[in-house]
Every structure is written in C-alpha cells, then in structure tokens.
A.B. asks: 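Let me begin by handing over the structure; questions about it come next.
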There are 2 protein chains.
Amino acid sequence: MDWGTDLWDQYDVIDKHTQSGLELVEKYVKFVKERTEIEQNYAKQLRNLTKKYHPKRGSREELECRFSNHQAFLDILNEMNDYAGQRELIAENMMMNICIELTKYLQELKMERKTHLSEAKKAQQSLESTYKQLDSSKKRFEREWREAEKSAQYAEKTDQDINATKADVEKAKQQAHMRAHIADECKNDYAAQLQKYNKEQSQFYFSDMPLIFNKLQDMDERRVKKLAQGYVLFSDTEKQVTPIIGKCLEGITKAGANVNERNDSIALIEQHKSGFERPGDLDFEDYSQGINRASSDS
Amino acid sequence: MDWGTDLWDQYDVIDKHTQSGLELVEKYVKFVKERTEIEQNYAKQLRNLTKKYHPKRGSREELECRFSNHQAFLDILNEMNDYAGQRELIAENMMMNICIELTKYLQELKMERKTHLSEAKKAQQSLESTYKQLDSSKKRFEREWREAEKSAQYAEKTDQDINATKADVEKAKQQAHMRAHIADECKNDYAAQLQKYNKEQSQFYFSDMPLIFNKLQDMDERRVKKLAQGYVLFSDTEKQVTPIIGKCLEGITKAGANVNERNDSIALIEQHKSGFERPGDLDFEDYSQGINRASSDS
C-alpha cells in the first residue's frame with residue numbers, strides 16, 4: 001500500500017494532508033516556544049524570590065547566619081536559585097533542540113513539498129496538453145471523413161445524373177478521391193496522436209504521479225518521524241535536569257537536617273555571656289560600729 | 001551550659017534573640033507563601049497553554065487525531081495538564097503543611113514568649129521593690145544611729161557641765177537612752193530587711209530568672225526544631241509528587257514513541273482511497289467504419 005498506487009486519484013487529499021502535517025509541526029513549535037516562555041517566567045520569579053529574601057551584605061540577617069536555623073534558610077535560598085537555573089536550562093534546551101531545530105527542518109520540508117507538487121502540476125499540464133492535441137486531431141479526422149463521405153456521395157450522384165457532363169463526373173470523382181486521401185491522412189494522424197497520448201497517460205498514472213505521490217508520502221513519513229523525535233525531546237529535556245533538581249531538593253532537606261537547636265542556644269551563650277558572677281548577698285553595714293560609714297551614702 | 005546560668009545578666013539579648021527567632025519563622029512562612037503563588041501561577045499558565053492547543057470538539061484537528069502524530073500531540077497536552085495539576089498540588093500542600101501549620105505554631109510561641117517575659121519583668125520589679133525597702137530601712141538606721149550618737153554626746157556633755165541641773169542631766173540621759181533604743185530597733189529592722197532581700201535576690205538570680213531564661217531557651221529550641229521540620233517539608237512536598245511528574249514525562253516519551261509514520265500513511269489511504277482503477281488506454285474511434293459516431297461529440 002502506498003499513496004502512489006492507492007491514492008492515485010486523490011491529489012487534493014495528499015495536498016491538504018501534507019499541508020496539515022506541516023501545520024502540525026508549526027503548531028508544535030509554537031506550543032513549545034510558549035512553554036519555554038512560561039518556564040523562563042517561572043525561573044525568573046523563583047530567582048527574584050530568592051534574591052528578595054537573601055540577606056543584604058553586612059545586615060543583621062547576615063550576622064544571624066551564625067545560627068544554624070538562619071544559615072539553613074540561606075542554604076534553601078541558594079538551592080532555590082540553582083533550581084531556577086535548571087528551569088532556565090529546560091527552557092533554553094527546548095528552544096535550541098526543538099524550536100530552532102524543527103523550524104529549520106520545516107523550511108526544508110516546505111521547499112521539498114513545493115517542488116513535488118509543482119512537478120505533479122507540470123505532469124498534469126503536459127498530459128492535458130497532449131489530450132487537447134489528440135482531441136483536435138480526432139475532431140479533424142471526423143470532420144474530414146464527413147467531407148470525404150459527402151464528396152463520395154456527390155460523385156456517385158453526379159455519375160448517375162443523366163444531365164451531367166463527363167467533365168462534371170470526372171471533376172466530382174477527383175474531388176472525392178482527394179477528400180478520401182485527406183481523411184485517410186487525418187486518420188493516420190489521429191492514430192499516431194492516440195498512441196502518443198496513451199503512452200503518456202500510462203506514464204502519468206503508472207509511473208510519474210505514483211513516483212511523486214510516493215515522494216510526498218516519504219516526505220510526510222520523515223516529517224512524522226522528526227516530529228515524534230521532537231515530542232520525545234520535550235520530556236527528555238526535562239528528564240535531563242531531573243537529577244540536578246533532585247540534588248537541589250536533597251540540598252534543602254540537608255539544610256533542614258543540619259539545623260541544630262542545641263548548638264544555636266550555645267552559640268548565643270558564646271556570643272553574649274559576660275563571664276560575670278551573679279551578685280552575692282549584700283553585707284550588713286553596721287553604722288553603730290562606725291564602719292563603712294562612707295559607703296552608706298552610695 | 002544554659003541561658004539561665006550563662007546569660008543570667010543578658011535579659012535584653014534573650015529578648016531580642018527570641019524575637020528575631022519568631023521573625024525568622026514569619027519570614028519563612030511569607031517566603032513559602034510567595035513560592036506557592038509562583039507555583040500556582042506557573043500551573044495556571046501551563047493549564048492555559050494546554051487548553052489553548054487542545055482541539056475543539058468536532059474540529060478538523062480533532063478528526064485528525066486518527067493520525068498517530070496528531071494523537072500524540074493531544075496525549076502530550078493531556079500529560080502537561082496532569083503535570084500542571086501536580087504543580088498545583090505542591091502549592092496546596094506547601095500552603096497547608098508549612099504556611100498554615102507554622103502560622104498557628106507561631107501564634108502559640110508568641111503567647112508563650114510574652115508570658116515568660118512578663119514573668120521575668122514581674123520578678124525584677126519585685127526584687128527592685130524589696131531593694132527599695134531595704135535601702136530605706138538602712139538609711140533610717142543610719143539616721144537614727146546618728147541621732148542616738150548625738151543624744152549620747154549631749155547627755156555626756158550635760159553630765160560634765162557644772163552649770164547643768166540634775167534634772168537637765170536626767171532628761172538628757174533619758175533622751176539618749178530613748179534614742180539608743182530607737183536606733184537599736186532600726187538596726188534590727190535593717191537586719192531583717194537585709195536578710196529578706198538577700199534571700200529574695202538569691203531566689204531571683206539562682207532560681208526564678210534561670211528558670212524563666214531556660215524556659216525561653218526551651219521555647220526557642222522547640223521553635224528551631226519546628227522550623228527545621230518546615231524546611232524539610234519544603235523539599236518533601238515536591239519530592240512527594242516527583243514520581244507522578246516522572247510519570248507525566250514518561251507519558252510524553254511514550255506518546256512520542258507511539259507515533260508510527262507508516263500507519264499514518266496507511267490511515268490516509270484507508271480514509272480516502274476511491275477504489276477506482278486507473279484509466280486504461282483510450283480506444284481508437286474509427287468514423288470511417290461508422291462506429292462510435294455519437295461518442296465522438298463528447
């Protein structure tokens with residue numbers, strides 16, 4: 001089964017089908033392009049989010065990163081930033097490996113399709129032109145044959161007319177002979193044209209058009225194959241970064257696990273303890289013994 | 001090492017540190033909330049994208065889904081829609097398990113912190129008030145002792161004054177005796193107040209405040225632990241849907257693999273072949289034999 005054999009009389013169907021196939025590729029490219037825009041936008045929002053929450057240099061927040069629960073938040077922000085980078089990579093690779101690649105391929109296919117269809121048109125026009133020649137040759141033979149028949153009838157009628165002169169009869173016979181000769185030549189010409197046409201028609205239906213339709217089928221199958229590769233790339237591009245995204249998520253889990261509440265309490269002690277002893281009991285200041293009189297004013 | 005012992009004189013530090021800890025939780029909740037908004041927005045854009053490219057009911061595109069390369073695109077759109085659903089799930093679970101949960105917990109911690117700090121303030125005020133009593137008692141003792149000394153000196157002076165009457169001497173001695181008695185009472189009162197203050201001060205520095213500071217430390221450690229759990233949930237929420245997202249990607253790969261260019265070519269044949277034979281050779285129409293005359297006009 002192939003288009004050349006089974007769709008020999010479906011030029012319009014093949015024309016439309018191959019056109020619709022190219023449109024699907026175009027649509028898919030547009031779809032992936034819009035996906036990359038969504039992905040870029042998503043990545044940008046994630047980047048802005050991490051930037052917004054990232055402590056400024058020399059800020060109180062930065063100083064607090066000596067505490068593990070503050071440091072972990074910073075680690076998470078950094079992982080989210082890497083995560084955003086991976087989403088950008090998805091967008092870039094989709095654009096490069098699907099959109100640009102398929103757009104280039106699409107241009108080639110459009111050219112190729114145009115070539116095949118114009119070849120088909122040319123073959124059709126050539127066959128039509130041959131048919132017109134055949135038709136006019138056939139009509140001339142028919143016309144000339146009628147003329148010859150009329151001339152023959154006239155010659156016979158003249159021959160049996162008692163009033164006709166010998167010269168009239170001779171002239172009519174000569175005329176009839178000439179007409180018969182012309183009709184015969186037209187018959188030969190028609191026969192030759194018919195042979196030519198039949199040969200060309202057979203070439204057209206059994207060789208030229210099947211070849212062109214099969215080329216279009218082959219082209220369409222190549223398009224489908226390439227498009228299917230583009231479909232697979234749509235998920236492969238994301239699968240490629242999945243392990244790295246997994247590492248970002250692991251990094252976040254690790255940041256959470258690294259938080260140590262006991263160490264954070266001790267860090268506060270180490271940073272702020274004065275080392276002073278707690279106040280002991282106040283002494284009794286016995287004015288009646290005359291000691292510490294001065295200090296009683298304090 | 002604990003705050004009660006090592007940071008006994010760092011009330012302000014503990015006040016600020018626990019406040020800053022709660023602020024970090026608040027900041028983290030806000031960060032996650034903004035992440036969920038980004039995620040929701042991302043999911044919505046993906047959903048809109050799939051909807052935009054999904055063929056309308058009864059459209060030419062829908063009919064074309066009999067071709068595997070068109071059907072696969074539809075499959076990809078459906079997988080992308082499921083994918084978007086998983087991103088929505090991430091957003092919903094983050095909101096539920098991190099934002100709402102931590103916000104509730106934060107309210108409890110704020111209440112608890114307020115309670116501890118107001119207990120500390122109350123203990124401080126009580127000790128200050130006892131100190132003021134002690135101070136005033138000590139000053140009264142000092143004042144009264146001076147008065148008693150002056151009275152004693154006056155009594156002695158009067159006793160040695162040759163111009164003084166016996167009555168004067170007696171009166172001065174009585175006065176000195178009375179003053180000495182008052183001073184003695186004040187001394188006892190001061191001693192009692194001092195004992196009370198020292199007991200209270202010891203209770204304050206070695207028992208009450210360490211207890212409160214340790215409660216604040218315990219509270220802060222609970223906060224850090226809960227926050228760390230919230231950090232881990234941030235990646236766990238996404239890890240949970242990773243297998244399903246993986247399945248969506250697998251579905252896309254499968255859709256691409258299901259495309260069969262040969263079958264698509266045959267499907268076009270089955271849909272459109274007319275079943276007609278290709279035209280054979282045209283017959284020679286021999287007018288000179290008087291056959292097919294009518295057909296020559298066609």
Side-chain angles (χ1 to χ4, degrees), chain A residues 1 6-10 13 17 20 24 28 31 34-35 38 42 45-46 49 53 64 69-70 72-73 76 142 145 187 191 194 198 201 205 217 221 224-225 227-228 231-232 234-235 238-239 249 252-253 255-256 259 261 264-266 268-269 272-274 276 278-279 281-282 284 287-288 296, chain B residues 1 6-10 13 17 20 24 28 31 34-35 38 42 45-46 49 53 64 69-70 72-73 76 142 145 187 191 194 198 201 205 217 221 224-225 227-228 231-232 234-235 238-239 249 252-253 255-256 259 261 264-266 268-269 272-274 276 278-279 281-282 284 287-288 296:
Chain A
M1 289 226 282
D6 297 287
L7 298 179
W8 66 269
D9 54 350
Q10 302 295 335
V13 161
H17 182 76
S20 149
L24 179 64
Y28 180 62
F31 165 79
E34 288 181 39
R35 164 78 196 274
I38 291 171
Y42 175 56
Q45 286 185 303
L46 289 179
L49 180 69
Y53 283 88
E64 280 175 332
N69 71 112
H70 288 259
F73 183 49
I76 289 172
E142 187 186 1
W145 177 79
K187 185 177 171 180
L194 184 67
N198 277 335
Q201 183 186 251
Y205 285 118
Q217 178 181 346
E221 289 181 7
V224 170
K225 220 166 166 175
L227 181 58
Y231 289 160
V232 173
F234 191 62
S235 51
E238 189 160 350
K239 280 189 206 163
L249 295 179
I252 291 170
T253 304
V259 173
E261 64 276 6
D264 282 2
S265 291
I266 287 168
L268 189 74
I269 292 171
H272 289 287
K273 72 171 169 188
S274 66
F276 294 134
R278 277 174 277 193
D281 283 354
L282 294 183
F284 185 78
Y287 299 104
S288 61
S296 72
Chain B
M1 287 227 281
D6 298 288
L7 298 179
W8 66 270
D9 54 349
Q10 301 295 334
V13 161
H17 183 76
S20 148
L24 179 63
Y28 180 62
F31 165 77
E34 288 180 40
R35 165 78 197 274
I38 291 170
Y42 176 55
Q45 286 185 303
L46 289 179
L49 180 68
Y53 282 88
E64 282 174 333
N69 70 111
H70 289 259
F73 183 49
I76 289 171
E142 187 186 2
W145 179 78
K187 184 178 171 181
L194 183 67
N198 277 337
Q201 183 187 251
Y205 284 118
Q217 178 182 346
E221 289 180 7
V224 170
K225 222 166 165 174
L227 182 58
Y231 289 160
V232 173
F234 191 63
S235 51
E238 189 160 352
K239 279 188 206 164
L249 296 179
I252 292 169
T253 304
V259 173
E261 64 278 6
D264 283 1
S265 290
I266 289 167
L268 189 74
I269 291 170
H272 290 286
K273 72 171 170 187
S274 66
F276 294 133
R278 279 174 276 196
D281 283 356
L282 294 182
F284 184 78
Y287 299 103
S288 59
S296 72

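In what follows, every chain begins at residue 1, and chains take the letters A, B, ... in the order their sequences are listed.
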A.B. asks: How many angstroms lie between CZ in A/F284 and NZ in B/K187, if you round to the nearest 0.5 Å?
C.D. replies: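 NZ of B/K187 is found 5.5 Å from CZ of A/F284.
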A.B. asks: How many angstroms lie between atom CG of B/L24 and atom NE2 of A/H70, to the nearest 0.5 angstrom?
C.D. replies: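 The NE2 atom of A/H70 is 4.5 Å from CG of B/L24, to the nearest 0.5 Å.
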A.B. asks: What's the spacing between B/L7 CG and A/S265 OG if we round to 0.5 Å?
C.D. replies: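 That separation rounds to 9.5 Å.
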A.B. asks: Take the angle between the ring planes of A/F73 and B/Y231 and call it parallel below 30°, perpendicular above 60°, tilted in between.
C.D. replies: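 The rings of A/F73 and B/Y231 lie parallel, inter-plane angle below 30°.
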A.B. asks: Considering non-hydrogen atoms only, spot the tightest contact between A/A228 and B/G256 and give its length.
C.D. replies: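 The answer is CB-O, 3.5 Å.
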A.B. asks: Evaluate side chain to side chain donor-acceptor pair (under 3.5 Å) for B/Q45 paired with A/Y42, printing each intermediate quantity in order.
C.D. replies: CA-CA 10 Å; B/Q45 286 185 303; A/Y42 175 56; over 6 Å; no
A.B. asks: Can you tell me which of A/I38, A/L227, A/I266 forms the most heavy-atom pairs within a distance under 4.5 Å of chain B?
C.D. replies: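 If we count pairs closer than 4.5 Å to chain B, A/I38 comes out on top.
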A.B. asks: Need one label for A/I76: side chain, backbone, both or neither, based on atoms under 4.5 Å from any heavy atom in chain B.
C.D. replies: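 It is the side chain, since no backbone atom gets that close.
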A.B. asks: Which region of B/H17, side chain (C-beta onward) or backbone (N, CA, C, O), has a non-hydrogen atom less than 4.5 Å from a non-hydrogen atom of chain A, or is it both or neither?
C.D. replies: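 Interface part for B/H17: side chain.
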A.B. asks: If you count heavy-atom pairs under 4.5 Å between each of B/V224, B/N69, B/V13, B/T253 and chain A, which one has the most?
C.D. replies: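 Between B/V224, B/N69, B/V13, B/T253, the count favours B/N69.
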A.B. asks: Let me confirm one number: the CD-CD distance from A/E261 to B/Q217, rounded to the nearest 0.5 Å.
C.D. replies: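 Answer for the CD-CD pair, A/E261 versus B/Q217, is 10.5 Å.
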A.B. asks: Side chain, backbone, both or neither: which part of A/L268 has a heavy atom under 4.5 Å from chain B?
C.D. replies: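 Both parts, heavy atoms under 4.5 Å.
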A.B. asks: Under the side-chain contact (heavy atoms from CB on, under 4.5 Å) rule, what do A/K225 and B/V259 come out as? Steps first, then yes or no, please.
C.D. replies: CA-CA 8 Å; A/K225 220 166 166 175; B/V259 173; over 6 Å; no
A.B. asks: For the residue pair B/W8 and A/R278, what are the closest heavy atoms and their distance?
C.D. replies: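 So the two residues come closest at CD2-CG, 3.2 Å.
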A.B. asks: Give the member of A/Y53, A/Y205, A/F276 that has the highest number of heavy-atom pairs under 4.5 Å with chain B.
C.D. replies: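 Heavy-atom pair counts peak at A/Y53.
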A.B. asks: Under 4.5 Å from any heavy atom of chain B, what part of A/L282 do you find: side chain, backbone, both or neither?
C.D. replies: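 Looking at A/L282, backbone and side chain both touch chain B.
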A.B. asks: Counting heavy-atom pairs under 4.5 Å to chain B, which of A/I252, A/V232, A/D264, A/N198 comes out on top?
C.D. replies: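 Greatest number of close heavy-atom pairs with chain B: A/N198.
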A.B. asks: Going from CG on B/L249 to CD on A/E238, what distance comes out if it is rounded to the nearest 0.5 angstrom?
C.D. replies: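 So the CG of B/L249 and the CD of A/E238 are separated by 4.5 Å.
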A.B. asks: Need one label for A/D9: side chain, backbone, both or neither, based on atoms under 4.5 Å from any heavy atom in chain B.
C.D. replies: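 Looking at A/D9, just its side chain touches chain B.
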A.B. asks: Going from CD on A/Q10 to CD1 on B/I269, what distance comes out if it is rounded to the nearest 0.5 angstrom?
C.D. replies: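 With rounding to 0.5 Å, CD (A/Q10) is 11.0 Å from CD1 (B/I269).
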A.B. asks: Could you check whether atom NZ of A/K239 has more than 12 heavy atoms from other residues, nucleotides or ligands sitting under 6.0 Å from it?
C.D. replies: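 It does: A/K239 NZ has more than 12 such atoms within range.
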